[in-house]
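Structure first, then comments.
Per chain, numbering begins at 1; letters A, B, ... match sequence-line order.
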There are 2 protein chains.
Amino acid sequence: MDRTSPEPLALERFLPYRLNVLASTVSNALARIYAERFGITIPQWRIVATLGQFETRTARDIAAHAVMHKSTVSRAVAALAERGIVERRPNAQDMREELLALTDEGRAIYEAVAPEALAFERAVVSGLTEGERETFFRLIDTLDARMRSLVPDLDVADAAANASEASR
Amino acid sequence: MDRTSPEPLALERFLPYRLNVLASTVSNALARIYAERFGITIPQWRIVATLGQFETRTARDIAAHAVMHKSTVSRAVAALAERGIVERRPNAQDMREELLALTDEGRAIYEAVAPEALAFERAVVSGLTEGERETFFRLIDTLDARMRSLVPDLDVADAAANASEASR
DNA sequence: AGAAATCAGTTGCTGGTGCAACCATTACCC
DNA sequence: GGGTAATGGTTGCACCAGCAACTGATTTCT
């Protein structure tokens with residue numbers, strides 16, 4: 001091997017970079033749909049999606065399930081409650097937490113957004129065969145698990161949502 | 001319940017979500033290295049990497065190559081120039097643009113960071129076989145191309161870098 | 001029981017980011 | 001040639017996210 005340059009590093013072959021670009025491209029495109037059609041942000045969508053899936057959860061559950069910082073969840077829930085999309089009910093067994101659920105209006109939004117989100121996903125992966133799609137997910141799972149063991153203090157803090165808000 | 005959900009949408013099987021979580025996990029871990037060891041942010045790192053690869057480029061070139069918003073590039077370059085990591089030289093042929101290059105100190109940083117970045121990448125993909133690694137990159141390439149045709153007005157604006165800065 | 005630690009959730013603050021408006025320079029073209 | 005459009009780059013503004021500090025509720029420990 002040639003030893004002139006210590007190591008070749010081409011950004012376009014650097015995994016963290018490629019992953020980040022693809023993820024934000026996909027997110028931004030999807031965020032546009034959420035924002036323009038339904039007036040919700042990505043964190044808000046994640047909450048709606050979680051509650052659509054599980055009926056009733058606490059903010060803490062949602063933060064863990066949707067991998068968001070608790071302050072992000074808090075503010076997104078506040079906005080959704082304000083708009084009557086999410087309902088907060090006290091838990092008599094533990095007054096620290098609140099039980100969150102979709103209102104009827106919230107469920108209507110969920111049922112309108114979910115098909116569009118899935119359609120978007122299908123459009124994105126339409127260039128892949130079924131096998132490739134499964135492989136891709138499996139590799140993501142593997143890498144995700146790898147990250148969790150590489151960086152143990154991750155699930156605690158973390159925070160995904162590169163959002164890219166709606167405005168307007 | 002009488003409600004029949006039209007389509008199942010589980011967040012953990014939703015590609016945009018999975019992609020985003022993985023990308024930000026990887027980015028955050030890497031950003032920590034950049035920040036703690038070298039005091040640079042992800043946008044700054046992308047600029048250093050680009051200039052390390054191509055010697056001399058304009059801010060516009062870097063923005064295109066590293067997929068960042070021009071204002072992000074502008075500010076990151078300003079910070080790097082301030083610290084003497086990159087050098088700005090006027091282009092006599094076109095006074096609008098500036099030619100950017102690493103200083104000696106900048107190159108030293110590049111040559112220190114690059115191996116660490118690559119080591120990190122190797123650690124992340126160490127759970128994959130060589131073939132899986134190639135497949136993963138190929139699928140990312142495919143999806144990336146797919147996104148570009150799905151959302152044409154993308155390369156113009158876009159902006160990756162969910163950064164997650166150093167601070168502290 | 002009472003003090004201290006822990007936990008769910010909220011909020012002030014700071015910093016980074018995209019957008020859009022702007023400045024200066026160059027290209028276009030009638 | 002001269003006016004207008006386009007281009008490279010900077011910056012003010014508004015917004016959002018994470019951190020950390022805080023409140024109030026519950027658990028733990030002695």
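Rounded to whole Å, the distance from CG on B:Asn20 to C1' on D:dC16 is 15 Å. Regarding A:Leu99, its CG atom lies at a distance of 13 Å from the C1' atom of C:dG9, rounded to whole Å. Atom CD1 of A:Ile42 and atom P of C:dG18 are 14 Å apart (whole Å). One can place CG of B:Asn28 at 14 Å from P of D:dA17, the figure rounded to the nearest angstrom.
Residue B:Thr72 places at least one side-chain N or O under 4.0 Å from the OP1 or OP2 atom of C:dG18. Within the structure, every side-chain polar atom (N or O) of A:Arg96 is placed at least 4.0 Å from both OP1 and OP2 of C:dC7.
For the side chain to side chain contact (heavy atoms under 4.5 Å, CB included) test with A:Thr58, the passing option among A:Thr56, A:Ile62, A:Asp61 is A:Asp61; the others fail.
Picking from D:dG9, C:dG18, C:dT10 the nucleotide with the shortest atom distance to the side chain of B:Ser71 gives C:dG18. The B:Arg60 side chain lies nearest to D:dG8 when the options are C:dG18, C:dT11, D:dG8.
In terms of polar N and O atoms assigned as donor or acceptor, the side chain of B:Arg57 never comes within less than 3.5 Å of the base of D:dG8 in a complementary pairing.
Stacking of A:Arg57 on the aromatic ring of A:Phe54 is recorded, both the 6.0 Å distance cut-off and the 45° axial limit being met. In this structure, B:Arg13 forms a cation-pi arrangement with A:Phe137, its terminal cationic atom sitting closer than 6.0 Å to the ring centre and no more than 45° off the ring axis.
Residue B:Arg75 is the one, among B:Asp94 and B:Arg75, whose nearest nucleotide of DNA chain C lies closer to the 5' end (criterion: closest heavy atom).
Under a cut-off of 6.0 angstrom, the local environment of CD in B:Glu82 is sparse, with at most 12 non-hydrogen atoms contributed by other residues, nucleotides or ligands.
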